[in-house]
Protein chains: 2
Amino acid sequence: MEEKEISKAVIRRLPRYYRYLGELIESGVERISSSELSSRMKVTASQIRQDLNNFGGFGQQGYGYNVKFLYSEIAKILGLDKKHNVIIIGAGNLGHAIANYVAFEKRGFIMTALFDINPERIGKKIRDIEVLPLSELEAYIKENEVDIATLTIPKTAAKEVAERLVNCGVKAIWNFAHTDLNLPEDVLVENVHLSESLMRLSYNITSVEKSREEQK
Amino acid sequence: MEEKEISKAVIRRLPRYYRYLGELIESGVERISSSELSSRMKVTASQIRQDLNNFGGFGQQGYGYNVKFLYSEIAKILGLDKKHNVIIIGAGNLGHAIANYVAFEKRGFIMTALFDINPERIGKKIRDIEVLPLSELEAYIKENEVDIATLTIPKTAAKEVAERLVNCGVKAIWNFAHTDLNLPEDVLVENVHLSESLMRLSYNITSVEKSREEQK
DNA sequence: ATATAAATGTTAAATTATTGTCAACAATTA
DNA sequence: TAATTGTTGACAATAATTTAACATTTATAT
């Protein structure tokens, strides 16, 4: 069976569909048409159908989509039906915030350990998750399955730690450091560059201001 | 003078150019060609030139781009040459992390206040930034200029607080809550949906695993 | 001075993504 | 049981984005 490549644009949208479907389930909606969903999500119905049909026909003509079924199908597509062990490197505020966010657990992301170099932080616990010394990183990964490593450390340390992770066989990194990690192709990196996000907002503010000035 | 609309794709890339140029300055590079930059950034040179020429011709034939000049021009485009006052609503770990991240300040984003409902947090200070009771939000905004409001609160509270902000005239929201804020068109919202980012990573992990299985 | 190489800015082509349309068919109603 | 309505999935049309090509300008070396 041959797989066609799914475009990044589609993947970007999938989690949002998933979120809306979850909300629909919570509010007791059992079925929904693409056009109803499209008006709630403010995208075209055509796009919803096109996106979903990349993965198969989940709907039924004359009926629409069964919300629970579609929700669970998207979960499978996103790999949320499996557990992922996640470690967090950097037990600062951001690391804490992520470790504390229990909703991740519900989606199958199990936070198993934190690492830090600061002796004051080492040994403490966040929820049930212990803060270990960074020096034990390799030993820990050898003993425990780690599916995702989260980098919440300054960019100066990030590249080096990323390489250590890759050397231990970690294949997926969730990177919050403000730098690009140049890693081998088979290592998946998902970047969360907060400063870039803030700059985009700043651009939009500036561009609104400019167009307002020109109108005068 | 008429303005052509700049596409979102271009804006998404601008901060990354800015970051690379900053690094080049730090390492003492004075000039750079689009092709040299392209190989460092792993994008096409054509795209770099095309992107930059949306805003004007910053380079010189036969020479390339002057790094410092281009850096400052992109700063202007992104509005980083102006100060932006930023408040943070939600003084939990994520709010703390953002308030503590001093590099934002360097780009002109001045964190001026935090707000929370938890009495234990109120009155404390993060760096020099005071945590105020959320009930004083409106009064604060009336007295102080607020350019950007950051939402680091649970989704249940986010929509309501967002409306309060808009009612006070706040025009730009940096939203970390896992929900879409449905606000008037003239309010700028930049979303940082961490769970969606993590799901995209999960998708990619899953899809690699699948293709590996099929090869067997 | 002049020739050559380098590199931009710009136009055109190719690719990718989004939107619109409609036949087919399920669900519902008469 | 037949007719009607609603809605998908597929495909065609359009729009947007990216890449490539190239003419032109400038820097640099001789």
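Computed from a predicted model, the values in this text were never measured in an experiment.
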Quiz item: Do B:Arg19 and A:Glu196 pass the salt bridge (charged side-chain N to carboxylate O under 4.0 Å, His left out) test, and can you show the C-alpha distance, the side-chain angles, and the key distance before you say yes or no?
Solution: CA-CA 9 Å; B:Arg19 174 154 54 82; A:Glu196 297 188 4; 2.8 Å; yes

What nitrogen or oxygen pairs link the protein and nucleotides 11-15 of chain D at under 3.5 Å?
{"residue": "D:dC11", "atom": "N4", "partner": "A:Gln50", "partner atom": "OE1", "Å": "3.1"}

Could you go through residues 163-173 of chain A and list every donor-acceptor pair under 3.5 Å that involves a side-chain atom there, pairing it with any protein atom two or more places apart or in another chain?
{"residue": "A:Arg164", "atom": "NE", "partner": "A:Glu138", "partner atom": "OE2", "Å": "2.8"}
{"residue": "A:Arg164", "atom": "NH2", "partner": "A:Leu134", "partner atom": "O", "Å": "3.1"}
{"residue": "A:Arg164", "atom": "NH2", "partner": "A:Glu138", "partner atom": "OE1", "Å": "2.9"}
{"residue": "A:Asn167", "atom": "ND2", "partner": "A:Glu163", "partner atom": "O", "Å": "3.3"}
{"residue": "A:Lys171", "atom": "NZ", "partner": "A:Asp186", "partner atom": "OD2", "Å": "2.9"}

Listed pairs under 3.5 Å, donor-acceptor, residues 150-157 of chain A side chains, sequence neighbours left out:
{"residue": "A:Thr150", "atom": "OG1", "partner": "A:Ile87", "partner atom": "O", "Å": "3.3"}
{"residue": "A:Thr152", "atom": "OG1", "partner": "A:Ile89", "partner atom": "O", "Å": "3.1"}
{"residue": "A:Thr152", "atom": "OG1", "partner": "A:Gly90", "partner atom": "O", "Å": "2.7"}

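Using a 4.5 Å heavy-atom threshold, the side chains of A:Ile126 and A:Ile88 count as separate. Contact check for A:Thr44 versus A:Ser38: no side-chain heavy atoms found under the 4.5 Å cut-off.
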Quiz item: In dot-bracket form, how is DNA chain D paired, counting a Watson-Crick or G-U wobble pair only if both its distances are under 3.5 Å and using | for bases paired to another strand?
Solution: ||||||||||||||||||||||||||||||

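The footprint of chain B on DNA chain C, defined by a heavy-atom cutoff below 4.0 Å, extends from C:dA6 to C:dA12.
At D:dA20, none of the side-chain N or O atoms of B:Arg49 fall inside 4.0 Å of OP1 or OP2 (strictly under the cut-off).
Residues passing the side-chain hydrogen bond (donor to acceptor under 3.5 Å, both in side chains) test with A:Ser7: none are found, sequence neighbours excluded. Not counting sequence neighbours, the partners of A:Thr206 by the side chain to side chain contact (heavy atoms under 4.5 Å, CB included) test are A:Ser202, A:Lys210, B:Lys82. With sequence neighbours left out, the side chain to side chain contact (heavy atoms under 4.5 Å, CB included) criterion links B:Asp81 to B:Lys76. With sequence neighbours left out, B:Arg12 forms a salt bridge (charged side-chain N to carboxylate O under 4.0 Å, His left out) with no residue at all.
Between the CH2 atom in A:Trp174 and the CG atom in A:Asn191 there is a gap of 12.0 Å [rounded to 0.5 Å].
Residues from residues 57-65 of chain A with heavy atoms under 4.0 angstrom of DNA chain C, sorted by number: A:Gln60, A:Gln61, A:Gly62, A:Tyr63. Against DNA chain C, the stretch residues 25-42 of chain B makes heavy-atom approaches under 4.0 Å through B:Ser33, B:Ser34.
When the C1' atom of D:dT8 is taken as reference, atom CG of A:Asn66 falls 15 Å away, rounded to whole Å. Put simply, CD1 on B:Ile11 is 16 Å from P on D:dA16, counting in whole angstrom units. Between A:Asn54 atom CG and D:dG9 atom C1' there is a gap of 12 Å when expressed in whole angstrom units. When the P atom of D:dG9 is taken as reference, atom CD of A:Glu73 falls 12 Å away, rounded to whole Å. Computed from coordinates, the B:Asn53 CG to D:dT18 C1' distance equals 15 Å when rounded to whole Å.
Both the sub-6.0 Å distance and the 45° axial angle are not jointly satisfied by A:Arg40 relative to the ring of A:Tyr20.
Between A:His84 and A:Phe109, the ring planes are parallel. Angles under 30° get that label, and only those over 60° would be called perpendicular. The aromatic rings of A:His178 and A:His193 stand perpendicular to each other, their planes meeting at an angle above 60°, with 30° marking the opposite boundary.
Within a 6.0 Å sphere centred on CD of B:Glu105, other residues, nucleotides and ligands contribute more than 12 heavy atoms. Counting non-hydrogen atoms of other residues, nucleotides and ligands closer than 6.0 Å to CD1 of B:Ile117 gives a total of 12 or fewer.
Annotation: salt bridge (charged side-chain N to carboxylate O under 4.0 Å, His left out) contacts involving residues 43-68 of chain B, sequence neighbours excluded, comprise B:Arg13-B:Asp51.
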